[in-house]
**Q** 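Encoded as structure tokens, here's the structure I'll be asking about.
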Protein chains: 2
Amino acid sequence: MLATYLFGPGDVRVLEVADPQILRPTDVIVEVEAACVCGSDLWGYRGVLSSTTPLAKGHEFIGTIVETGSDVHRFAVGDFVIAPFTISDGVCQHCRNGVHPSCTNRGRWGQLGADGLIAGGGQAELVRVPLADGTLTKTHRPSDPAMLRHLLTLTDVMCTGFHAAVCADVTPGDTVVVVGDGAVGLCGVIAAQRLGAEHIIMMSRHSDRQALAREFGATEIVAERGKAGVAAIKELTNGFGADAVLECVGTEESFTQALSSVRPGGQMGFVGLPAGGASAPISSFFARNVGVRGGAAPVLRYIDGLLTDVLDGSITPGRVFDSEFALEDTPDAWAAMDARTSIKSLVLPRRR
Amino acid sequence: MLATYLFGPGDVRVLEVADPQILRPTDVIVEVEAACVCGSDLWGYRGVLSSTTPLAKGHEFIGTIVETGSDVHRFAVGDFVIAPFTISDGVCQHCRNGVHPSCTNRGRWGQLGADGLIAGGGQAELVRVPLADGTLTKTHRPSDPAMLRHLLTLTDVMCTGFHAAVCADVTPGDTVVVVGDGAVGLCGVIAAQRLGAEHIIMMSRHSDRQALAREFGATEIVAERGKAGVAAIKELTNGFGADAVLECVGTEESFTQALSSVRPGGQMGFVGLPAGGASAPISSFFARNVGVRGGAAPVLRYIDGLLTDVLDGSITPGRVFDSEFALEDTPDAWAAMDARTSIKSLVLPRRR
């Protein structure tokens, strides 16, 4: 089969490798219908994070189960499934607490897992899925290509944007700021609207992303960044700041800008993966009674509700995909996101 | 009248000064019945924070109104009142949001206020109270000296301990850790129990404070600190950490210890005033989906509920006062807290 590997900064290759096999009784093999490139993939692509071995890539994919291990009980061959960006057993204390990314047996796609094996990557034709019962969600195979895209966002970006809004305690009537106009930030706009925000301010300098944000529910756009951006937010909020701020980038700069935009007593949710060793001054929280919460989204806590919304058409997060590539062209999918000519690149293994 | 001033590290003096006057129509003058020394006063006493001028001290006091300005509507001469540790107008957006310490016209006792004047300090016979209508809470003058002490805790420590528990999202059935065995931490134990915590672990090395914590509802005591303290918490929580942690000290050390004791997906509330420039690594929140919230307690958001509990005897926070001084002996009250021979020192101006 074909599978995608990151060899080093800027070096993404699609290689012909052996098909994956069932290696543990709790595994299934999924034939990938659609996958995509994540903004967080770019930390490795840009050399911010590095590895000494080639890494199987792709942590967002949907597809059909083609083989099951002997100890898989919730799924059968032919099931259409959504794979979250983290692998979890579904039964440990953390999973029961709804914090699946902290699962005692947690794993990541393309990385060494608790089973002592490396899980498959999703930018491939086939993937070995460990702990299938605790990890996957079943739905109907959609006939509409647009619906395929919406479902694919439930693997990560839509649930991550929703997590940002939940962590930011967005409540009806709130004024919400979204920092970051990537796919997660745009899904954060959808999430804020779904949770009843009255004003949603998107911080963006790109006209195409501004337009999509408005269609998703943003009521105002702020193009300025840094101190000028914070000043613009203050002006839009009578000098007070926003009730809730969603940080969807993951740099110290964006964290600081987001924190400065929260009103006293307000809350910031953050889901951007901090690539460096960013730190936050405790006194800046204390002085204004601002709360901060964030981390990797527990996809399985949100997926049932969001799946309902996607299936009935009330949200359309798949519109964040503005470019599409065959699997063999995956390196171009990465390059397009790196150059910001694409908000999010879709990869379609079956289009060969 | 007699009033207390901090002249410099270790230099507290009780001086005879002119009685305060009504200076703004929204002022009242309060004759102090009881006041006390706060753990945060010690930052100045120990030279961690310094000032170039003598500061009128005391931000926790209760007493009787003896004079009112012409624009005071909620209070009359003879009313017995509780004064929170922050001054607020009660009408601005922040007050309406329940974040009184961020009031647009906020002030602090003994400090320059929004009215261009220095407010009185509470360790005195009489205090000029600015913005009385927005700041004070009225109750009946208690005949029982024990009740006087309970009411006095509502000016700060009981509400601050409660704020820590609210910020830590304590919910019924939770396992809660309290870091800090001062008056605020002890009140945090009361707060955690009031909010339904099932297990309350107090971190304390002092037998008298351990005993009081147990009487307030602590179910376990951990005497270790730092990494050993965190290890002890993990052992008491099946390796997971606590659902909620209350940080009631305000040093980088205690902040880090508290943060490390939270389980994935849990929440930390912090109310210790950070004396230095402590900072927290963002990645430590992110990795475990831990939320952090804290700041100066909005006393007026909690006081009505806690006053009811105090008056009906269901909580007895005044037991944190384990020493008592006449106003002229206030320097001894400070020294006792500095030496940790007193948990909290009561100051009684009328006992001359």
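What's counted below: heavy atoms across the whole structure, side chains too, no hydrogens, waters or symmetry copies. A note on names: the letters A, B, ... follow the listed sequences, proteins ahead of strands, and every chain is numbered from 1.
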**Q** Nearest 0.5 angstrom please: A/N238 CG to B/Q93 CD, how far?
**A**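 CD of B/Q93 is found 7.5 Å from CG of A/N238.
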**Q** Relative to chain B, which of A/G294, A/P101, A/G265 shows the most heavy atom pairs under 4.5 Å?
**A**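 Most heavy-atom pairs within the cutoff with chain B belong to A/G294.
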**Q** Tell me whether the rings of B/F240 and A/H94 are parallel (<30°), tilted (30 to 60°) or perpendicular (>60°).
**A**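 B/F240 and A/H94: perpendicular rings.
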**Q** Evaluate the ring planes of A/F270 and B/F285, with Trp represented by its six-membered ring, and classify them as parallel (under 30°), tilted (30 to 60°) or perpendicular (over 60°).
**A**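 The arrangement is perpendicular - the two ring planes meet at more than 60°.
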**Q** Specify the closest pair of heavy atoms between B/N289 and A/R293, including all atoms of both residues, with the distance to one decimal.
**A**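 Heavy atoms only, the tightest pair is O-NH1, 3.0 Å.
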**Q** What pair of heavy atoms forms the shortest contact from A/S102 to B/P264, and how long is it?
**A**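 Result for this residue pair: OG-CB, 3.3 Å.
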**Q** Are more than 12 heavy atoms, taken from residues, nucleotides or ligands other than A/R225, located less than 6.0 Å from that residue's CZ atom?
**A**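 Check fails, neighbour count at 12 or below.
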**Q** So which of B/A297, B/G269, B/G291 has the biggest tally of heavy-atom pairs under 4.5 Å with chain A?
**A**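 Highest number of heavy-atom pairs under 4.5 Å: B/G291.
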**Q** Can you tell which part of B/F255 gets under 4.5 Å to a heavy atom of chain A, answering side chain, backbone, both or neither?
**A**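 Contact with chain A involves the side chain of B/F255 alone.
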**Q** Is B/V292 in contact with chain A via its backbone, its side chain, both, or neither, using a 4.5 Å heavy-atom distance?
**A**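 Interface part for B/V292: both.
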**Q** Take A/R288 and B/V99, measure what side chain to side chain contact (heavy atoms under 4.5 Å, CB included) needs, and give me the verdict at the end.
**A** CA-CA 8 Å; A/R288 294 178 298 130; B/V99 197; over 6 Å; no
**Q** Tell me whether B/R301 at atom CZ has more than 12 heavy atoms from other residues, nucleotides or ligands lying less than 6.0 Å away.
**A**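 More than 12 within 6.0 Å, yes.
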**Q** Identify which of A/P298, A/G98, A/A296 forms the greatest number of heavy-atom pairs closer than 4.5 Å to chain B.
**A**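 Answer, by heavy-atom pair count under 4.5 Å with chain B: A/A296.
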